[in-house]
Number of protein chains: 2
Amino acid sequence: MGKGESTREAILRHAIVVASRVGLSGLTIGRLAQELDLSKSGLFSHFHSKEALELQVLEYGAARFVENVVKPALAAPRGLPRLQALFDRWLTWSQSDPSSGGCFFVAMATELDDRPGPARDLLVRLQRSWIDLLAGVVAAAIREGQLRPDSDPDQLAHDAYGAMLAYHHASRLLDDPAAEERARRSFASLLDARRTPAS
Amino acid sequence: MGKGESTREAILRHAIVVASRVGLSGLTIGRLAQELDLSKSGLFSHFHSKEALELQVLEYGAARFVENVVKPALAAPRGLPRLQALFDRWLTWSQSDPSSGGCFFVAMATELDDRPGPARDLLVRLQRSWIDLLAGVVAAAIREGQLRPDSDPDQLAHDAYGAMLAYHHASRLLDDPAAEERARRSFASLLDARRTPAS
DNA sequence: GCACCGAACGAACGATCGTGCTATTTTCGG
DNA sequence: CCGAAAATAGCACGATCGTTCGTTCGGTGC
C-alpha cells in the first residue's frame, strides 16, 4: 500500500466519524484537513471534488459495515441464528466507539433522502441491498421451518430497520438509558409473532 | 396581527419546508430571503440571530404538529380509538403536501442528535413530551381494558415511533410504494400483540 | 405639520466554502 | 544514490455564510 493510499484511507476513516455527526454537507474539506494535519489542497488532491469524496465516504462506510456486521454474522448457522447475529452485530455497530456519531447510515439516510444526486443514488443502492440481505435471511428461516410460512420477509426486514431507527432516536437524541433493552425487546417481539409453535 | 408579525410567520412557514429538506444548517438566511423576496438584512432583523431563527422554527413546527395531529386526534374517544387516530394523523402529517420534506421532526431528530446547544435541548423536550403523550394514551387504553395490563406503554410508544421512522426511510429514501401499507401493518401488529382477548 | 417608530433595504465585514493553479517536498524503483 | 513520479503545501479565486451598520420609507400619535 503506497503512501497515498494509506493517507486516503486515514482521511476516509476520520471522515466517517465526522459525517456521522454533522452529515455530508457538514463534512468540510477545511475541517478535515485541519483535524488530520494536512493542507486543504493536499487533502483535496486525493479526491478531485467534494462529490467524489462523499461517494468514497459512503463506499468506505459500506465496506466497514460488511466487514464488522455482515461477514461475522454470516458465520452463524443460517435461519434464525444468523438473523439474530445480524441484529446483534448491527446494534453493536450502532453503538460502536462513543466518539462515533452512531450508525453512519442512519445519519446519511435522513440527510440524503431529499438531496438528489449520485450520493443519494449510491446510498439507496447500499440500503436496498442491506434490506434485501435481511429479507433473504428471513426467507431462509422460513424455509428452515423456524418462522411461519405466511411471514412476509420484506415486512420483517422493514420492521427490523424500524427497531434500529427507534433505538438510534431513543439513544442518541433522548439519551434514554433503556434504549438498547427496548431495541432488543422490539426485535424479539417481531420474531415471536412469527415463530412456528415447534421452534 | 401587525405587518411584522405576519411576515415573520410567512418566513417560519417557509423555513419549515426548507429545513425538512436540507436541515437547520442548510437553512440559510440568504436562501430564505431570496425565496421570499426579502433582503437578507430585512429578514434577519426579525430574528436577531440564526440560532433564534432555528429555535422559532422548531417551536413553530411543534405548534403546527399539535394543531394538525394532536388536537384533532384528541377528539376521538380515549383509549385505542384515540391511539389509532394519533397514528393515522401522524402518518398523514408525514406525507403532508409533497413539497414538504416529510415529517419535519424526523429530519430534525437525526440532525440535532449530535449537535449540542439550545436547539437540540428544545427538540429533546418536544420529542419527549410527544412520546409521553403517546404513552399516556396507551396507559389509558390499558385502563379501559383494551390492551393487556402487562403492556409497557413506553415500549409501545417507542415502537410506534420506530414504525414511523421506518416508514419515513422506506418512503422518502427507498421510494418504496408499499411504505404506507407496511407502516399500517407494523402499527397494527404492535396493537394486536397486546390486545385483550375480549376486545 | 412634525416627531417618532417599526419594517425593510443596500452595502459591507471577516470567515469559510469548494476549487483551481504552481511550487516544493517526499517517496521509491532502478 | 539518483531521478522520475507521487504526495503535499502555498496561495489565490469567486461565492456564500452570519452579522452589523446606516439609511429610507410608510404610517400613527400629538
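Bear in mind that the values here come from a model prediction, so they are computed numbers and not experimental data. Residue numbering restarts at 1 for every chain, and letters A, B, ... go by the order of the sequence lines.
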Original post:
Do any side-chain nitrogens or oxygens of A:H46 fall under 4.0 Å of OP1 or OP2 in D:dA6?
Top reply: no

Original post:
Roughly how many Å is it from CG in B:D37 to C1' in C:dC9, rounded to a whole number?
Top reply: 13 Å

Original post:
Got a sec, which pairs hit salt bridge (charged side-chain N to carboxylate O under 4.0 Å, His left out) with one end in residues 38-53 of chain B, sequence neighbours left out?
Top reply: B:K50-B:E54

**OP:** At under 4.0 Å between heavy atoms, which parts of nucleotides 11-22 of chain D does protein reach? Answer with one letter per nucleotide, 5' to 3': B base, S sugar-phosphate only, - none.
**Re:** ------SBBBB-

**OP:** May I have the distance from B:L36 (atom CG) to C:dC9 (atom C1'), rounded to whole angstrom?
**Re:** 16 Å

**OP:** Output every pair passing salt bridge (charged side-chain N to carboxylate O under 4.0 Å, His left out) with a member in residues 123-146 of chain A, not counting sequence neighbours, ordered by first then second residue.
**Re:** A:R78-A:E144

**OP:** Whole angstrom is fine here: how far is it from CG in A:L43 over to P in D:dG10?
**Re:** 14 Å

Original post:
With no hydrogens and no angle check, do the side chains of A:Y167 and A:E181 hold a donor and an acceptor under 3.5 Å apart?
Top reply: no

**OP:** Return each pair, listed once, that meets salt bridge (charged side-chain N to carboxylate O under 4.0 Å, His left out) where at least one residue sits in residues 150-167 of chain B; pairs must be two or more places apart or across chains.
**Re:** B:R148-B:D150, B:D159-B:R194

Original post:
With B:R89, which residues qualify under side-chain hydrogen bond (donor to acceptor under 3.5 Å, both in side chains), at least two apart?
Top reply: none

Original post:
Can you list every pair that meets ring pair (Phe, Tyr, Trp, His ring centres under 6.0 Å) and has a residue in residues 28-55 of chain B, with sequence neighbours left out?
Top reply: none

